[in-house]
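Heads up, the thing below is written out as structure tokens.
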Amino acid sequence: MAARTQVRTLATFNVNGINARLPHLLEWLGEAQPDIVALQELKATDAAFPIAAIEDAGYGAIWHGQASWNGVALLARGATPIESRRELPGEPKDTQARYLEAAVHGVVVGALYLPNGNPQPGPKFDYKLRWMARLARHARSLVDLPHPVALIGDFNVIPDDIDVYDPKAWKRDALIQPEVRAAYADLLAQGWTDALRAVFEDEVIYTFWDYFRQHAERDRGLRIDHLLLNPVLAEGLVEVGVDRDVRLREKASDHAPTWARVRVPKTPSR
DNA sequence: ATGACCGGGTGTCCCGGA
């Protein structure tokens, strides 16, 4: 029987300013050639999104920008994502650009930038918990679909103590609070596979290193960028990784590109 | 226990980030 599947690379990368990071992004796209890329923290309006440079690199894109903060995008190598939604349901007055969903290369991809939630306690932490409840509700409608679905992005959640270089130093931070961890665990319990943890098992792997005290060079990081796969997609999981070398370059984002390679049913060539 | 680096805009300081 002829092969009816192909391996696709899904990646998530919090760029911390799309225009400040454009040279980095283009360099990494050329090296890694990911098929599907979720970007967070564009920190740019829709009009300021550098679509021409991204198209020149061989990618189609959709984006949901916002001045100064937030902002998410989805890139597809040799294709344009087919958008299905650009906000998470449940809070119509929420104007923060944190969610984008599309069909990309045969995968339904929810690209997200979950609120940081600091300081906690406080209104920003309450917003984070509400956002996680909205995400869980929406994810429930996606997990059991009969086709590949992924939720990828910057979740701003440290799932377990192994995912932070010093749990005590982060004890009061919003990213590690018990309510936040419980909400993440409840989300996984719907049937999602945390791709990095599934492959790395009990090994340490980080996706973020702050700008202070040479934490990147010293590998004192956090694992907060996640790729969640529904059961159909998790069955095809091949390989995962974090491109830490990107974080070690000059003028880097504080996050590194984080990716999973998955086998998906072939989509018609174009 | 504290503070330290970043990017963007409200712009040479402040806010948000994590």
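Below, chain A is the first sequence line, B the second, and so on; all start at residue 1.
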For [N], take OP1 and OP2 only and decide whether either is under 4.0 Å from a side-chain N or O of [X].
{"X": "N14(A)", "N": "dA18(B)", "result": "yes"}
{"X": "K251(A)", "N": "dG7(B)", "result": "yes"}
{"X": "Y113(A)", "N": "dA18(B)", "result": "yes"}
{"X": "R220(A)", "N": "dA18(B)", "result": "no"}
{"X": "N116(A)", "N": "dA18(B)", "result": "yes"}

* Asked: Expressed in whole Å, how much space separates the P atoms belonging to dT10(B) and dC14(B)?
  ->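 Straight-line distance between the two P atoms is 16 Å.
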* Asked: So what does D210(A) touch, heavy atoms closer than 4.0 Å: a base, only the sugar-phosphate, or nothing?
  ->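 D210(A): no heavy atom of the nucleic acid under 4.0 Å.
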If you check the [X] side chain, which of [options] turns out closest?
{"X": "K124(A)", "options": "dC5(B), dT10(B), dG16(B)", "value": "dG16(B)"}
{"X": "S68(A)", "options": "dG7(B), dG9(B), dA4(B)", "value": "dG9(B)"}
{"X": "K43(A)", "options": "dG16(B), dG9(B), dA18(B)", "value": "dG16(B)"}
{"X": "F208(A)", "options": "dA18(B), dC5(B), dC15(B)", "value": "dA18(B)"}
{"X": "Y211(A)", "options": "dT10(B), dC5(B), dG8(B)", "value": "dC5(B)"}

* To do: Have a look at R181(A) and tell me which of D161(A), D186(A), D163(A), D160(A) forms a salt bridge (charged side-chain N to carboxylate O under 4.0 Å, His left out) with it.
  =>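 Single salt bridge (charged side-chain N to carboxylate O under 4.0 Å, His left out) partner of R181(A) among D161(A), D186(A), D163(A), D160(A): D161(A).
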* Flag side-chain contact, heavy atom, 4.5 Å: V108(A) against H147(A) -> yes
* Asked: Separation of K171(A) atom NZ from dA18(B) atom P, in whole Å?
  -> 22 Å
